[in-house]
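The structure appears right after this line, and notes come after that.
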Amino acid sequence: MNGRVVAGLLGVAAFAVGASESTALALVGLATTLPLVLLWPQRTAAAVLVTVATVVSLTAFRHPAYAGLAATMIALFRLGETSDRAALACSLPYLALAVTGHAPVAAALAPSAALAGIAWQARSRARVSAAARDVIEESLMRSGAAGERARIARELHDVVAHHISMIAVQAETARLATPGLPPAGADRLRAIGDTARGALTEMRRLLGVLRADTGPPERAPQPGLRELNALVDAARAASGGATRLILRGTPIALEPVAELAAYRIVQEALTNARRHAPGAAVDVEFSYEGGALRVTVRDNGPGADDPIEGPVDGLGLVGMRERAGAVGGTVRAGAVRGGGFMVEAVLPGAAA
């Protein structure tokens, strides 16, 4: 196809040499437009042939064929969308024409079209890159959230397993230690103990896969609010900054899983403060109000002027949200007006 097009253009040029000026101009104008139509899928070949024909038109006749100029701009724009180097190379003859004074306006339009195509190409690539980046970030967020849920499930397993074990022990103790217990009562206590032990076995079997990728389980009990002072002291020693624990209101009872969530949220918030605002002072405030616990961790490091708003982002903060959501609470986080960063969690108290 390319060979036939080139041969046809050469025939047109040969015929134009012996024709009158008006006829030759019309034939050259035809030569500047036909390649764009016949070689539409082949952008480089079309742009090169159109460029050659247009340069001949501008140098031989001192004025352009307007259809050819339009074809030139379209061809160079399309070439710029796919190959910036080829588009710039096809623009060089027009710059030379502008320097020598051959149709400077027309010579300026062609490079402009090529640059516009290159800019369009860059914009398209930026959109594709942004879309790919969003997909990757979303995938990472989902993966991080799944990992946090797995860790939360392992910790909740330890808490629940402890309570189920206590049920089995207490049922067995009541059956053996209660004098004069009727046989029916003893059977019921035995059934309670058997059910508790069976539930514990099933739970360990179902959650065993969560332990598979993390090695042997930890033997230490899960932390709660009793370990909060030690956590704050360790954070103060590690960061070298002032870290205060502030308590407000009358303490209320919390479920063990809620205590664990509060501890882990404070632990993650202190870690983030140490990482992103080293040496900053941090206040950890526990406020009991309205049957709920409000946990606030705020540092005085650098921050924006906008108040906290919008969704929680980041893998560590996703973990906080997952932990709070598991016990019916909420978390929000962000920069605070006047500087610093704050994490605020609201956790419900234990049911009456």
Side-chain angles (χ1 to χ4, degrees), residues 133 136-138 140-141 143-152 154-155 214 218 220-249 251 254 257-289 292-327 329-347:
R133 185 170 56 252
I136 293 173
E137 289 178 354
E138 183 178 358
L140 290 176
M141 293 293 289
S143 176
E148 288 295 333
R149 292 190 185 104
R151 283 188 285 272
I152 293 169
R154 290 194 296 269
E155 293 180 353
T214 58
E218 298 179 1
Q222 295 298 339
L225 298 187
R226 293 180 182 273
E227 290 75 27
L228 195 60
N229 276 324
L231 176 63
V232 173
D233 290 341
R236 184 185 303 113
S239 66
T243 304
R244 300 187 303 173
L245 177 60
I246 304 170
L247 303 178
R248 300 183 187 277
L254 295 174
V257 290
E259 286 197 21
L260 175 60
Y263 180 92
R264 293 301 189 197
I265 289 172
V266 172
Q267 184 182 45
E268 182 65 30
L270 290 174
T271 300
N272 288 343
R274 190 163 59 249
R275 181 184 302 120
H276 300 293
V282 183
D283 284 345
V284 179
E285 181 177 324
F286 274 54
S287 178
Y288 297 93
E289 53 187 37
L293 168 63
R294 184 181 302 275
V295 180
T296 305
V297 181
R298 176 175 178 174
D299 64 68
N300 65 351
D305 294 331
D306 298 331
I308 291 178
E309 59 183 0
V312 176
D313 296 319
L315 295 183
L317 297 177
V318 168
M320 297 182 194
R321 182 179 59 190
E322 295 291 340
R323 292 183 183 279
V327 298
T330 59
V331 169
R332 62 176 188 154
V336 294
R337 183 174 286 111
F341 192 87
M342 184 167 71
V343 174
E344 182 182 74
V346 178
L347 307 174

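- Within the 3.5 Å criterion, the main-chain N or O of Ala281 finds a donor-acceptor partner in the side chain of Asn300.
- Looking at Met342 and Thr296, their side chains come closer than 4.5 Å, going by heavy atoms from C-beta outward.
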Practice problem: Decide yes or no on side chain to side chain contact (heavy atoms under 4.5 Å, CB included) for Val266 and Val295, but give the supporting numbers first. | Solution: CA-CA 8 Å; Val266 172; Val295 180; 3.6 Å; yes
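- To the nearest 0.5 Å, atom CZ of residue Arg321 and atom CD1 of residue Ile265 are 12.0 Å apart.
- Considering only heavy atoms from C-beta on, Asn272 stays 4.5 Å or farther from Phe341 through its side chain.
- Contact record, Ala273 with Val282: CB-CG2, 4.0 Å, taken as the closest heavy-atom pair.
- The heavy-atom pair separating Leu347 from Ala258 by the smallest distance is CD1-O, 3.7 Å.
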Exercise. Show your working on side chain to side chain contact (heavy atoms under 4.5 Å, CB included) between Glu227 and Tyr263 and close with a plain yes or no.
Key: CA-CA 8 Å; Glu227 290 75 27; Tyr263 180 92; 3.8 Å; yes
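- By the 4.5 Å heavy-atom criterion applied to side chains, Leu231 and Leu270 are counted as neighbours.
- Smallest separation of non-hydrogen atoms from Met320 and Val331: O-CG2, 3.7 Å.
- Atom OG1 of Thr330 sits about 7.5 Å away from atom CD of Glu344, to the nearest 0.5 Å.
- Side-chain contact between Val327 and Arg323 is absent, with no heavy-atom pair separated by less than 4.5 Å.
- Judged by distance alone, the side chain of Glu259 and the main-chain N or O of Leu225 form a donor-acceptor pair under 3.5 Å.
- The two residues Ala277 and Asp299 make their nearest non-hydrogen contact at CB-OD1, 4.1 Å.
- Dense packing is recorded around CZ of Arg275, with more than 12 heavy atoms of other residues, nucleotides or ligands lying under 6.0 Å away.
- Residues Pro223 and Gln267 have side chains not in contact (no heavy-atom distance under 4.5 Å, counting atoms from C-beta outward).
- A salt bridge does not link Asp283 to Arg298: none of the charged side-chain nitrogens sits closer than 4.0 Å to a carboxylate oxygen.
- The line from CD of Glu285 to CG of Leu245 is 9.5 Å long, rounded to the nearest 0.5 Å.
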